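Accompanying notes for the structure given below.
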2 protein chains.
Amino acid sequence: MATEKAKHLKRISILGSTGSIGKNTLKVISRYPDRFRVVGIAAGSNIQVLESQILTYRPEVVAVFDEPAAARLRKKNLPVEILTGEKGLIEVATLKQADMIVSAIVGSAGLMPTFAAVKAGKDVALATKEALVMAGEMIMAEALKRGVKIIPVDSEHSAVFQCINGRVREEIQKIILTASGGPFLRKKLSELKKAAPEDALRHPNWFMGKKITIDSATLMNKGLEVIEAHHLFGMPVHKIDVVLHPQSIIHSMVEFIDGSVMAQMSVPDMKGPICYALSYPQRFKKVLPSLNMSKVRGLTFEKPDKKRYPCLGLAYEALKAGGTMPSVLNAANEVAVEAFLNKKIFFTEIYNIVALTMQKHKVSKCVNIDDALKASEWAKEKAKNLISKN
Amino acid sequence: MATEKAKHLKRISILGSTGSIGKNTLKVISRYPDRFRVVGIAAGSNIQVLESQILTYRPEVVAVFDEPAAARLRKKNLPVEILTGEKGLIEVATLKQADMIVSAIVGSAGLMPTFAAVKAGKDVALATKEALVMAGEMIMAEALKRGVKIIPVDSEHSAVFQCINGRVREEIQKIILTASGGPFLRKKLSELKKAAPEDALRHPNWFMGKKITIDSATLMNKGLEVIEAHHLFGMPVHKIDVVLHPQSIIHSMVEFIDGSVMAQMSVPDMKGPICYALSYPQRFKKVLPSLNMSKVRGLTFEKPDKKRYPCLGLAYEALKAGGTMPSVLNAANEVAVEAFLNKKIFFTEIYNIVALTMQKHKVSKCVNIDDALKASEWAKEKAKNLISKN
């Protein structure tokens, strides 16, 4: 009996445990204590939350990226080893006793630990979209080589993954990612420029971290997801579409070659896709409340307006250019979103900064992770310069 | 090369080739001549259509149920043997050279040939819902015993089949069949009684045969589909729901135990589910035109109104009662719909006739096909009596 239980127990390390996905992952794990155990957690610098997570989940290894924060946490004399720096993140990402790594560090900082997890042969529940955006070819090639499963945690990619459900790629005609359109779907175009961070952070359907919420308002989030979908599902760029679906009930769709479309729906709650990534290939009971269809308001769909959401076009351009360009898109966007949140640039200038940075970039091949990281560093510098000259 | 081709060629017999499903099946077969060949066709009495089908598709065996019609067709000296009667239908249903039988005879006449096909070990693409409604347990048990695949052709069951896509029954929380609501969805309740057959035959989304179109107006069609789904997917009655979805874009849904819902969509055209049943487990290219999501009008859902659609409740009652009752429901409905089409009863009396027939019936176990057929005969007699006394 004990052995039977142990066989079903999945030991999990979480990279980014104090963020929105990390916290939801821990909630899911709490609900199924006989199926999941937390063996490692890693965070950037939020040691207050981390401390309570350590006491609740008793991981074997903990990492804090920020060294001063790590030092402060160590002083608490918690019953666990505290690692630090990128080396610490990578140690949590490659823990011998972990069966699966939840990769949920926001931004480009998530790339190296994610790659390390794959190289160590760990299955990855992937939320850090930057990893595939920056270094998709390399990560997917490494995963293939090691027989590693990369299971999406994003609600959209989880939906696509569920719609495909093992069917062969040759049968897929098109991936259709849905986007809510964010808080500015119906805002007057002339008012977009001066939209405040507080307004952009008011997402109608999802409660998420700040960076991704701003990316939802610009639709850059969907653009990054297009690039991610390209790598995850091996689909060429012209077979990935985006459709606005303001109700966020259909999380994405797959059209097959015969004209049949599969759609995945649920109440909008990240615990759904998180749990599916952890429990795959099984489904667990009562992860989310039932979607009462007769109470669902009408589901509508519309084409994204290019004027309202020019960032989406940039992402398609970056994917078509390939090589280092998606990494540049992503890095410039990170810098621009931060500048917007700090009220250094207007909302509409996020696009300008990313577009200009891409224009200045001479695209080159990405042969290894370092190429992607260098392009990212270059783009961050460039974007910062553009902002300071603004 | 020739051998390779022959390996991929599926030889098909069509029961009910002159009906709506039969004709659409032949259209599908015409489009993929290197994948399908018609080896047998059978029809009731429409020898005019049958003659042209014989000349176009060159089947090896043909059956005409109606003996005088068969005799007339024989006089044409077509280059094929013409069989007749139920024996003829059964011969086409069990043809040695057939790999798959398309069962598309409307009404209870389709039961015996379908059962014969399963007993002969033939895979069945099933459109004749009466077969499972009348004798679901026996047909499914026989299919299991013989290793026969029964693949649904109804758009709703095809959708459910595609949503399940091999996942285990234990993961299914609920089957949600969608119904357009038919032509009377918004008609004043007080005007329903005197609705003419011409009005009831005006289905908003699907062009189908007369019987099924009337059944769509009463929602009895959905009731029969609930019973069919119970048998096809092994789901208990309380796990099968019906939701009105007037746009007929989502053809049905499956809710899984984790709260995730899969929905199958396409333009409403029976060639989609027909081709999937024939090509399964593969999908063929360009069976239907792409569903342009951003041009799809809003998708809406509502609970079926029990006052408007009382027949749906009768079907649930019949399924709960079990044994011979579903057979009685189906037979009484057949008689009532015919009487309505011949203007012998009002539209709302279809319900009365079926309900009264069910009330008069003493339900008994269905141990063999004969029990179901006897109950059906009894119910037809009873319903006819009720109508003549009307």
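Small disclaimer: the values here were computed from a predicted structure and weren't measured. Below, chains carry the letters A, B, ... as their sequence lines are ordered, and counting in each starts from 1.
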Discussion item. At a heavy-atom distance under 4.5 Å, which candidate from B/E255, B/K286, B/K271 has the highest pair count against chain A?
Written reply: B/E255
Discussion item. Give me each pair satisfying side-chain hydrogen bond (donor to acceptor under 3.5 Å, both in side chains) with a member in residues 258-268 of chain B, each pair once, sequence neighbours excluded.
Written reply: A/Q162-B/S260, A/S260-B/Q264, A/Q264-B/S260, A/R283-B/D258, B/H251-B/S266
Response to the item:
Residue set satisfying ring-ring contact (aromatic ring centres under 6.0 Å, His included) with A/F233, at least two apart, ordered chain then number -> none
Response to the item:
Okay, A/P304 and chain B: the region with an atom under 4.5 Å from a heavy atom over there is neither
Worksheet item: Judged by atom type as modelled, is there a donor-acceptor pair below 3.5 Å linking the side chain of A/K320 to the main-chain atoms of A/V237?
Response: no
Item to complete: List the steps and the verdict of ring pair (Phe, Tyr, Trp, His ring centres under 6.0 Å) for B/Y280 and B/F161.
Response: CA-CA 11 Å; B/Y280 178 81; B/F161 185 63; 4.9 Å; yes
Fill in: Any donor-acceptor pair under 3.5 Å from A/R31 side chain to A/V287 backbone
yes
Worksheet item: With a 4.5 angstrom heavy-atom cut-off, which part of B/K174 approaches chain A: side chain, backbone, both or neither?
Response: side chain
Worksheet item: Considering only heavy atoms, which portion of B/I164 lies under 4.5 Å from any heavy atom of chain A: side chain, backbone, both, or neither?
Response: backbone
Worksheet entry | Close contacts, residues 290-297 of chain A versus chain B, judged by heavy atoms under 4.5 Å | A/S290, A/L291, A/M293, A/S294, A/V296, A/R297
Discussion item. For B/K187, is the NZ atom crowded, meaning more than 12 foreign heavy atoms sit under 6.0 Å from it?
Written reply: yes
Item to complete: Could you pull out all residues at least two apart from A/E171 that satisfy salt bridge (Lys or Arg N to Asp or Glu O under 4.0 Å)?
Response: A/R167
Discussion item. Tell me if a side-chain donor or acceptor on B/H230 pairs with a main-chain N or O of B/G234 at a distance below 3.5 Å.
Written reply: no
Worksheet item: Among B/G298, B/G259, B/A263, which residue forms the greatest number of heavy-atom pairs with chain A at distances under 4.5 Å?
Response: B/A263
Worksheet item: Do the rings of A/H245 and A/F301 sit parallel, tilted or perpendicular, given the 30° and 60° boundaries?
Response: parallel
Response to the item:
One option among A/V261, A/L288, A/T300 has the most heavy-atom pairs under 4.5 Å with chain B, and it is A/V261
